[in-house]
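The chains referred to below are lettered A, B, ... by the order of the sequence lines, with proteins before strands, and numbering in each begins at 1.
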2 protein chains.
Amino acid sequence: MSQARTLNDVAKHANVSPSTVSRILNGTASVSPDKRKSVEEAISLLGYRPNLMAQALAKGRSMTIGVVTQAISSPFYGETFVGIEQGLASSGYHPMFISGHWRAEEEREAVDILTSRRADALIILGGNLEDDYLLKMAESLPIVTVGRTVQGLEHQSINISQEDGAMLGMRHLLDLGHRRIAHISGPPSHRDAIERFTGYKNALAEYGIAYDPELVLEGNYQERAGLLATEQLLSRRTDVTAIFAANDQTAMGARLAMFRRGIRVPDDMSLIGFDDLFASGYTTPPLTTVRQPGEDMGLAAANMVFALLEGHRPKPPRLSASLIVRESTSRLRFA
Amino acid sequence: MSQARTLNDVAKHANVSPSTVSRILNGTASVSPDKRKSVEEAISLLGYRPNLMAQALAKGRSMTIGVVTQAISSPFYGETFVGIEQGLASSGYHPMFISGHWRAEEEREAVDILTSRRADALIILGGNLEDDYLLKMAESLPIVTVGRTVQGLEHQSINISQEDGAMLGMRHLLDLGHRRIAHISGPPSHRDAIERFTGYKNALAEYGIAYDPELVLEGNYQERAGLLATEQLLSRRTDVTAIFAANDQTAMGARLAMFRRGIRVPDDMSLIGFDDLFASGYTTPPLTTVRQPGEDMGLAAANMVFALLEGHRPKPPRLSASLIVRESTSRLRFA
DNA sequence: CAAAGACTTGACAGCGCTTTCAAAGTTTGT
DNA sequence: ACAAACTTTGAAAGCGCTGTCAAGTCTTTG
């Protein structure tokens, strides 16, 4: 293991003081052309790369943005990661992802790790961290939350209205003539899931349809739960003509349950999801869904972090859900 | 922004020297119970968290494992991320992911970033980095490659035979009676893709079937390319009875193309993928595929990193692809 | 009971880099 | 030609922590 070269090595090689090398590296002050040249030569000769740890210590900035996520492999957050990555690109800052698995305790641990590593700012993706905790945290560190709005931190939160999104999807179904619409919810502990559920109920009310608790089944945002819930639903009710799934993954599970029973989509039953995962455009049939602009949200989060870092007050962009009509929904046919 | 407390603050509060605090933190030496107690009190009172940057500088270990990946949102690598995360869990080490997007230049940049941050080891997931480069890198840093084997670094590479995997899938199709089997390849620049293609040809040869170049279309591991390639294929040949897609995403695209043309899967045509993404178990119909144990590979990579870090010579586990038969393939029916 | 260990503890010198501060060298103005 | 005003440069302190070294205490042992 060859030792990494240090700034001092470079200084010696170039016959200048360490300060000068540092100045050239950071452009902190002007330096005579000849010294600059010899320093640059020494740098490439030695293959010198500044030690970011040392820089972090000296400058008090680690150049890393901590990202508390829920699951590193989540298809939905994946898009947000891309946005964050892009937003941070060539800024010198780099993201560090730690997963919290939707457990407040693990998320707190993730925050601890990130603060130990002296992340310059935090981006919190969803999760179950208490508002108070985040609020306190925000006093000592720039924090941006994505997918949730923290009371008192509104201008550092980027979020879309899940309720509005759900209503968009429901109105689509309703306008298509569906009346017996089932809902497979997300985990009851997720505020998004609750909001989507609320949107479901609101839309029903808007169209003057009585809410029937038997039509809502609990899921957990995973495919398997969507499958199970749908099986249960189908064995209990035969009058349902459409399902509004809490997210695309749930919809995929529901789709499989229908496939198993020979129920055609959308001929026999309409299906709509939420999120618009990339894969949803390639299901059979392609899934109608409510799109959440995950990548844009990530990008916006990165930009807000920069604003915060520079002491500005960021202005969260107005992002919103949109309906993506594909082929899993169709007008109700009076059989 | 309240200043973070330092080890010195703790020392003063507890009326001991910084060394003592350090010793307690690291368990480096025994300390009298009363001092330990007062230090611990001071720590929790002040909410002290060690500064990992400072520790890194002093110890010369950053406790971070650099992971050069290709796309942070890739469904296949996602599973590997989970494995890495798990493998590293509670070891004090944390992964830092940087994406290279399959471009050698970007990957080299990723490596630079990671070495600047003094990552203690690197895990390279796939990619197009030259073997020489990796070999040179490996002289100064523990490196584990996943999804590719580097000449001279075999014991630090974890990989499965893509060729064998492809043959597994092909034999399945062949045993089902299929003879006109098309292949939609991955990007010709990926060695995995090439190996899978080779497996395709080998299997054909094994069954004494002439290789027909017209049956192989170029894809790029993305859904869209699978869709396009399949459309092209179907408009050109009507005798194909099965498609072996280079990966599940390609298979999804192919599936959609068939759906568009009213081709039933598997009744009219069999379809098989590669990777076994989580979502593949929920497609319509569920996809038969060749499973790559992504998570296990990630886990193994983490363990190999530990071995390397401790100066041991790691023994790469023997992992291999396996056939997952679901419902997208069926015996050829003589129409 | 003195000498030798065995523990516990604090001072201090780094780790590699940044950032005053002040000295030395240059340029400008009159 | 000389003071005033810059510009370029190096010395040195310090970021927060670790680890060596030596001093100080306390036990143990012949």
Side-chain angles (χ1 to χ4, degrees), chain A residues 1-40 42-43 46-64 92 112-113 115-120 140, chain B residues 1-40 42-43 46-64 92 115-120 140:
Chain A
M1 307 275 158
S2 60
Q3 268 314 295
R5 321 311 311 240
T6 74
L7 178 143
N8 244 295
D9 297 337
V10 174
K12 272 183 202 130
H13 247 80
N15 260 305
V16 297
S17 75
S19 327
T20 302
V21 179
S22 170
R23 279 188 270 258
I24 290 178
L25 251 32
N26 298 288
T28 318
S30 53
V31 167
S32 74
D34 53 324
K35 301 224 177 213
R36 152 165 278 117
K37 186 157 168 294
S38 64
V39 166
E40 278 166 356
I43 288 179
L46 299 175
Y48 168 74
R49 307 230 85 222
N51 182 332
L52 219 13
M53 299 288 128
Q55 286 193 163
L57 226 211
K59 298 205 218 186
R61 291 185 305 138
S62 67
M63 302 306 283
T64 113
D112 280 354
I113 290 166
T115 57
S116 250
R117 288 180 175 265
R118 293 300 185 269
D120 296 323
S140 55
Chain B
M1 305 278 160
S2 62
Q3 267 316 290
R5 323 308 314 238
T6 74
L7 177 145
N8 244 297
D9 297 337
V10 174
K12 273 184 201 126
H13 247 79
N15 261 307
V16 298
S17 76
S19 322
T20 301
V21 179
S22 170
R23 279 189 270 259
I24 291 177
L25 251 32
N26 298 286
T28 317
S30 53
V31 167
S32 74
D34 52 324
K35 301 225 176 210
R36 151 165 279 117
K37 185 155 169 296
S38 63
V39 166
E40 277 164 357
I43 287 180
L46 298 174
Y48 168 75
R49 305 233 82 223
N51 181 333
L52 218 11
M53 299 289 129
Q55 287 193 161
L57 227 210
K59 297 206 222 189
R61 290 187 305 137
S62 66
M63 301 307 284
T64 113
T115 56
S116 250
R117 289 180 175 266
R118 294 299 185 270
D120 296 323
S140 55

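Taking side-chain N and O atoms only, Lys59(B) has no distance below 4.0 Å to OP1 or OP2 of dG14(C). At the phosphate of dC17(C), neither OP1 nor OP2 sits under 4.0 Å from any side-chain N or O atom of Ser22(A). For the pair Ser17(B) and dG10(C), the criterion of a side-chain N or O lying under 4.0 Å from OP1 or OP2 is met. Side-chain N/O atoms of Ser32(B) include one lying less than 4.0 angstrom from OP1 or OP2 on dT9(C). In this model, the phosphate group of dT18(D) is approached by a side-chain N or O of Asn26(B) to a distance below 4.0 Å at OP1 or OP2.
Whole-Å rounding puts the Leu7(A) CG to dT19(C) C1' distance at 13 Å. Here dC17(C) presents its P atom at 7 Å from CD of Gln55(A), a figure rounded to the nearest Å. For Arg118(B) and dG16(C), the CZ to P distance is 8 Å, given to the nearest whole Å. Rounded to whole Å, atom P of dC15(D) lies 14 Å from atom CZ of Arg5(B).
For the residue pair Asn8(B) / Thr6(B), no side-chain donor-acceptor distance below 3.5 Å is found, with atom types taken as modelled. Defined by atom type and a distance below 3.5 Å, a donor-acceptor pair is missing between the side-chain atoms of Ser22(A) and Ser19(A).
Checking dG10(D), dG16(C), dG10(C) against the side-chain heavy atoms of Lys35(A) singles out dG10(D) as nearest. Comparing dA11(D), dC17(D), dC17(C) against the side chain of Tyr48(B) picks out dC17(D) as the nearest. With dG16(C), dG10(D), dG16(D) as the candidates, the nucleotide lying closest to the side chain of Ala58(B) is dG16(D).
For Thr20(A) against dG10(D), a side-chain-to-base donor-acceptor contact under 3.5 Å is absent. Side-chain to base pairing of Arg23(A) with dG10(D): one donor and one acceptor N or O lie within less than 3.5 Å of each other.
Residue Val31(A) is the one, among Leu57(A) and Val31(A), whose nearest nucleotide of DNA chain D lies closer to the 5' end (criterion: closest heavy atom).
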